[in-house]
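This report refers to the structure that appears directly beneath it.
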There are 2 protein chains.
Amino acid sequence: MAWGGPGGAATGPLTLSLKHAILGVLEASPMTGYDLKRFFDGSAEWLWSAKHSQIYPLLASLEAEGLVSSEEGVRGEFQRRVVHSLTEAGRAELLSWVGSVHPQPGERDPFLLQAVFFDMVGDEEVRRVLTAYRDEQREAYEAARAHSLALAAGETPLIKERLRVRPEESGRMRSMKARAFAARAEVARVRWQWAEEYLADLTGDPTS
Amino acid sequence: MAWGGPGGAATGPLTLSLKHAILGVLEASPMTGYDLKRFFDGSAEWLWSAKHSQIYPLLASLEAEGLVSSEEGVRGEFQRRVVHSLTEAGRAELLSWVGSVHPQPGERDPFLLQAVFFDMVGDEEVRRVLTAYRDEQREAYEAARAHSLALAAGETPLIKERLRVRPEESGRMRSMKARAFAARAEVARVRWQWAEEYLADLTGDPTS
DNA sequence: TGTTACATGTAAGCAGTTACATGATTTT
DNA sequence: AAAATCATGTAACTGCTTACATGTAACA
């Protein structure tokens with residue numbers, strides 16, 4: 001394994017998702033911390049996101065680990081900006097993470113926790129909460145579906161950048177990236193339809 | 001609102017899921033911290049879970065808020081055990097939480113983050129990771145489905161306890177609790193089938 | 001007699017959010 | 001001239017996990 005970096009043992013089974021989210025985005029193109037933040041916020045809340053207050057310190061520690069390199073520059077005359085790029089070691093770490101099986105942390109859905117106690121309140125309240133949930137999931141479905149189609153068509157900024165660098169893998173890249181968002185869309189769709197059915201049964205069969 | 005408890009402002013939009021998970025379980029029956037821990041661990045990783053190191057301090061703060069009352073007792077001759085019950089204020093807080101709409105925190109699925117980078121590695125690695133995911137989701141589906149059916153039949157320990165206290169609501173309670181786990185099962189099912197389809201396309205159409 | 005289950009806590013650390021803090025550049 | 005955007009950080013706090021710490025009671 002050769003884990004000779006300074007700063008400790010790396011013993012526990014951490015998740016480290018943000019770390020790899022950043023490495024993965026930087027793989028497409030070098031960026032500043034601010035660019036990363038904007039990317040996470042755009043694309044209808046991407047697959048991972050973080051506040052800048054978490055991104056900047058993490059970028060510093062990734063540089064200390066040798067996974068990214070940082071180059072100071074300026075914007076205009078005086079404004080400092082630091083552009084971060086993936087190093088070879090960073091690329092290796094990313095590929096190793098993507099290619100291995102990781103244990104999934106058990107799902108924790110606050111809404112389902114709420115739903116399991118629905119019997120304690122009246123049908124009216126349940127209907128209100130379910131309606132809001134259904135609308136939310138329908139919107140999530142539409143956003144994920146739209147993004148999936150955009151990726152399949154190669155129409156997002158980041159995929160354009162990657163296609164510029166590696167045009168030979170176009171089809172595989174686009175379909176694989178699209179599939180990730182298709183999964184998210186399918187999940188939102190079943191949740192939306194579950195809520196719809198629930199609502200139909202409530203109104204059709206008042207208080208049972 | 002009358003938020004006069006000692007210890008601070010309660011300003012931010014927190015999630016507070018564990019708090020309400022505990023209140024909800026205590027609503028069915030008074031319990032010790034150890035009982036709560038076992039309940040969370042059982043039922044195939046319930047809808048929420050926590051380590052005892054989080055439960056005990058939280059129970060203390062819930063008591064300070066007046067939402068639960070605690071009674072010291074013994075097991076055998078010398079072993080201390082503290083039984084926690086829901087107070088009227090706790091029940092009111094729970095019902096208010098269950099009956100209102102709460103903003104869902106944006107989904108963060110580490111697996112989808114991994115999947116969006118699948119194009120960076122070879123088909124063989126993708127197949128390995130997808131296979132593990134498919135098996136995991138299939139098992140999650142089966143566990144949630146089984147639990148949903150058990151709830152519908154009124155066969156779980158906690159629902160038996162609740163039915164003993166409130167037999168008049170039997171049908172509504174069982175079907176609503178079953179529906180929550182049915183939602184979880186449906187989500188696991190679409191994930192499992194998504195992975196299955198992905199795998200089929202990979203083997204059928206090598207490297208595209 | 002040894003192992004498992006019961007039972008309750010504290011301490012240290014990681015991941016993430018909110019708030020604090022500052023300043024340059026571009027657009028309106 | 002004012003507002004929005006670009007840009008980078010630190011501090012404090014919440015939620016959760018891992019590790020530390022201790023002891024009783026039941027069971028094989």
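We name chains A, B, ... by the order of the sequence lines, and we start the count at 1 in each one.
Judged as a ring-ring contact (aromatic ring centres under 6.0 Å, His included), and not counting sequence neighbours, A:His84 has no contacts.
The side-chain heavy atoms of B:Arg108 and A:Ser49, taken from C-beta on, include a pair separated by under 4.5 Å. Between B:Arg191 and B:Asp109, some side-chain heavy-atom pair lies under the 4.5 Å cut-off.
For D:dA25, the OP1/OP2 oxygens have no side-chain nitrogen or oxygen of B:Arg81 closer than 4.0 Å. The side chain of A:Gln54 places an N or O atom within less than 4.0 Å of a non-bridging phosphate oxygen (OP1 or OP2) of C:dG16. The shortest distance between the side-chain N/O atoms of A:Arg38 and the OP1/OP2 oxygens of D:dC6 is below 4.0 Å. One finds no side-chain N or O of A:Tyr56 lying less than 4.0 angstrom from the OP1 or OP2 phosphate oxygen of D:dG9.
Sequence neighbours left out, the pairs with a member in residues 21-36 of chain A that pass salt bridge (charged side-chain N to carboxylate O under 4.0 Å, His left out) are A:Glu27-A:Arg91, A:Glu27-A:Arg162, A:Glu27-A:Arg166, A:Asp35-A:Arg38.
For the pair A:Arg75 and A:Trp48, nearest-nucleotide mapping onto DNA chain C gives the more 5' position to A:Trp48. Both B:His84 and B:Arg108 sit near DNA chain C, but only B:His84 has its closest nucleotide nearer the 5' end.
Regarding B:Tyr34, its OH atom lies at a distance of 15 Å from the P atom of D:dA25, rounded to whole Å. The nearest whole Å value for the distance from the CZ atom in A:Arg80 to the C1' atom in C:dT22 is 12 Å. B:Glu77 places its CD atom 14 Å from the C1' atom of D:dA26, with the value rounded to the nearest Å. Whole-Å rounding puts the B:Leu59 CG to C:dG9 P distance at 9 Å. C:dC14 atom P lies 19 Å from atom CD1 of A:Ile55, rounded to whole Å. Here the P atom of nucleotide D:dC6 and the CE atom of A:Met31 are 13 Å apart, to the nearest Å. With rounding to whole Å, B:His52 atom NE2 is found 11 Å from D:dT22 atom C1'.
Residue B:Ser53 has its side chain nearest to C:dA11 when only C:dA11, D:dT5, C:dT17 are considered. If you check D:dT18, D:dG9, D:dC6 against the side chain of B:Lys51, the one that comes closest is D:dT18.
Side-chain N/O atoms of B:Thr32 and base N/O atoms of C:dT8 include no donor-acceptor pair closer than 3.5 Å. The base of D:dC6 lies close enough to the side chain of A:Gln79 for a donor and an acceptor atom to sit less than 3.5 Å apart.
Using cut-offs of 30° and 60° on the angle between ring planes, the pair A:Tyr198 and A:Phe118 is perpendicular.
In this structure, B:Phe78 reaches the sugar-phosphate backbone alone: every heavy-atom distance under 4.0 Å involves primed, P, OP1 or OP2 atoms, never a base.
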